[in-house]
Amino acid sequence: MTKISEWVYEGTELAWLQERLGRAEPGPGHLVSELVPSGFEAYVRIFHRFEATDGSGRSLRWRARAETAGVAFHAELSHWSLRDHGDSNPGGPLWLTEAGALDDHSRQALARVLAGVAGDQAVWFAYDLAALCWGEEEPLVRRSPLAHLEAVREAVADRVGTSGPEFWWPQDRSWVVTSDYDLVSTYVGCSAETAEQLLEDEVLEALPVTPRTRVDWYADHVTPPHGTR
């Protein structure tokens, strides 16, 4: 996870959220608490599906990839632990998962579940690191009904690409979704009841996490190459 802060959040719609991010003490890697604000009853990791590069529209879940790789499926599982398992199958497709954006099926399922919580509230959709990387002068934030999520993504694609939104939350701040620009999973802070709905949804592949759960590429202790984080 890249950490870049070259602008001031004070006075922006992201100020409240940034004030509740961080970690209690230094340590290896990065934690959920650096992505999702403190104060929620429950936290959930949603895995971005692996998708075939052959145009077939096929997808694979992380659990299936983990079984093939012979590794445990757990809350800190890194995609680095799954590389080279099935990707080099002669004649077969590559299986890739996208950083910074949920796959279409998972994003729509997440929005469906959260719509039942948010009701008709306005929802904020924010681009932070993506906006910085694309040359914006401040975070890009849009306010819209949750039902217009895909329209918002399409409207800002020429300014921040097709990732994200990085953060989205309703007016009452009862939940926050974070799809970090560098990561291949999305994290949600919410109530225990909402977390249960996410974990039980048949479309979503999700596991419970805590603010202290690691989220970086080497979270499950794969040794990083020299000079990387």
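In this chain, numbering begins with 1 at the start of the sequence shown.
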Could you check if a side-chain atom of Leu21 sits within less than 4.5 angstrom of a side-chain atom of Pro37, using non-hydrogen atoms only? yes
What heavy-atom pair brings Ala111 and Leu149 nearest, and what distance separates the two atoms? CB-CD2, 4.2 Å
Quick one: CG on Leu17 to OG1 on Thr178, what's the gap to the nearest 0.5 Å? 6.5 Å
Of Glu137, Glu138, Glu136, the one forming a salt bridge (Lys or Arg N to Asp or Glu O under 4.0 Å) with Arg159 is Glu136
Salt-bridge present (Asp220, Arg214; N to O < 4.0 Å): no
Using side-chain contact (heavy atoms from CB on, under 4.5 Å), reason through Leu146 and Leu114 one step at a time and then give a plain yes or no. CA-CA 8 Å; Leu146 183 53; Leu114 295 179; 4.1 Å; yes
Determine the interplanar angle of the Phe125 and Trp168 rings, folded into 0 to 90°, and report it as parallel if under 30°, tilted if 30 to 60°, perpendicular if over 60°. tilted
side-chain contact (heavy atoms from CB on, under 4.5 Å) evaluation trace for Glu41 with Glu193: CA-CA 9 Å; Glu41 189 176 15; Glu193 181 179 357; over 6 Å; no
Between the CZ atom in Phe167 and the CD atom in Gln18, the distance rounded to the nearest 0.5 Å is 5.5 Å
For Val141 against Ala126, the heavy-atom pair lying closest together: CG2-CB, 3.9 Å
Note: Arg49-Glu98 ion pair, threshold 4.0 Å (strictly below): no
Please check this pair: side chain of Glu51 against backbone of Ser59, looking for a donor-acceptor N/O pair closer than 3.5 Å. no
Are side-chain heavy atoms of Val44 and Tyr187 found at a separation under 4.5 Å? no
Within 6.0 Å of CZ in Arg23, more than 12 heavy atoms from elsewhere: yes
Do any N or O atoms from the side chain of Glu67 and from the backbone of Ala64 form a donor-acceptor pair under 3.5 angstrom? no
Tell me if the CG atom of Asp158 is crowded by more than 12 foreign heavy atoms within 6.0 Å. yes
Would a hydrophobic clustering, with Ile, Leu, Val, Met, Phe, Trp and Tyr connected at side-chain separations under 4.5 Å, put Val152 with Leu140? no
Within 45° of the ring axis of Phe50 and under 6.0 Å from its six-membered ring centre, is that where the NZ or CZ of Arg65 lies? yes
Taking all atoms of both residues into account, what is the closest heavy-atom pair of Leu77 and Ala72, and its distance? CD1-O, 3.8 Å
If only atom types and distance count, is the side chain of Glu34 paired as donor or acceptor with the main-chain N or O of Leu31 below 3.5 Å? yes
Quick check: do Leu35 and Leu183 have side-chain heavy atoms less than 4.5 Å from each other? yes
Roughly how far, to the nearest 0.5 Å, is CG of Leu198 from CG of Leu207? 12.0 Å
Between Trp80 and Tyr218, does the ring-ring contact (aromatic ring centres under 6.0 Å, His included) criterion hold? Intermediate values first, please. CA-CA 7 Å; Trp80 280 86; Tyr218 308 105; 5.8 Å; yes
Evaluate the ring planes of Trp62 and Phe47, with Trp represented by its six-membered ring, and classify them as parallel (under 30°), tilted (30 to 60°) or perpendicular (over 60°). tilted
Which pair of heavy atoms, one from Ser179 and one from Gly100, lies closest together, and at what distance? CB-O, 3.8 Å
Backbone N/O of Val32 and side chain of Thr213: donor-acceptor pair under 3.5 Å: no
Judged by atom type as modelled, is there a donor-acceptor pair below 3.5 Å linking the side chain of Gln121 to the main-chain atoms of Asp172? yes
His48 backbone acceptor or donor facing Thr97 side chain under 3.5 Å: yes
Are the side chain of Thr12 and the backbone N or O of Tyr9 linked by a donor-acceptor pair below 3.5 Å? yes
Thr210 side chain to Arg212 backbone, donor-acceptor under 3.5 Å: yes
Taking atom types as modelled, find out whether Ser78 and Ser81 have a side-chain donor-acceptor pair closer than 3.5 angstrom. no
If you take all heavy atoms of Cys190 and Ala195, which pair is closest and at what distance? SG-N, 3.6 Å
Is Val123 close to Trp175 at the side-chain level, that is, under 4.5 Å between some pair of heavy atoms? yes
Please report the C-alpha distance between Leu132 and Tyr181 in whole Å, then the side-chain angles of each, then the deciding distance to 0.1 Å, and finally whether the side-chain contact (heavy atoms from CB on, under 4.5 Å) criterion is met. CA-CA 11 Å; Leu132 181 62; Tyr181 191 62; over 6 Å; no
Could you state the interatomic distance from CD (Glu13) to CH2 (Trp124), rounded to the nearest 0.5 Å? 6.0 Å
Can Phe73 be reached from Val71 by stepping across I, L, V, M, F, W or Y side chains whose heavy atoms are under 4.5 Å apart? yes
Should Val215 and Val209 be counted in the same cluster of Ile, Leu, Val, Met, Phe, Trp and Tyr side chains packed under 4.5 Å apart? yes
Any side-chain heavy atom of Arg107 within less than 4.5 Å of one from Asp104? yes
May I ask you to establish whether Arg20 and Phe40 are in a cation-pi arrangement, using a distance under 6.0 Å from NZ or CZ to the six-membered ring centre and at most 45° from the ring axis? yes
How many angstroms lie between CD1 in Ile46 and CD in Glu205, if you round to the nearest 0.5 Å? 10.5 Å
Are there more than 12 heavy atoms of other residues, nucleotides or ligands under 6.0 Å from atom CD of Glu154? no
By the definition side-chain contact (heavy atoms from CB on, under 4.5 Å), identify the one residue from Val188, Leu199, Val117 that meets it with Thr194. Val117
Do you know the tightest heavy-atom contact between His148 and Ser144? CB-OG, 3.1 Å
Do any N or O atoms from the side chain of Glu166 and from the backbone of Leu129 form a donor-acceptor pair under 3.5 angstrom? yes
Donor-acceptor check, side chain of Ser174 to backbone of Pro170, threshold 3.5 angstrom: yes or no? no
Test log, rule side-chain contact (heavy atoms from CB on, under 4.5 Å), inputs Arg112 and Asp201: CA-CA 10 Å; Arg112 169 177 46 78; Asp201 190 88; 2.9 Å; yes
Which distance, rounded to the nearest 0.5 Å, do you find between the CD of Glu10 and the CD of Glu19? 8.5 Å
Is the number of heavy atoms from other residues, nucleotides or ligands within 6.0 Å of NE2 (His105) greater than 12? no
Quiz question: by atom type and distance under 3.5 Å, do the side chains of Arg45 and Ser185 form a donor-acceptor pair? yes
Please verify the inter-ring angle class for Trp169 with Trp16; under 30° counts as parallel, over 60° as perpendicular, anything in between as tilted. perpendicular
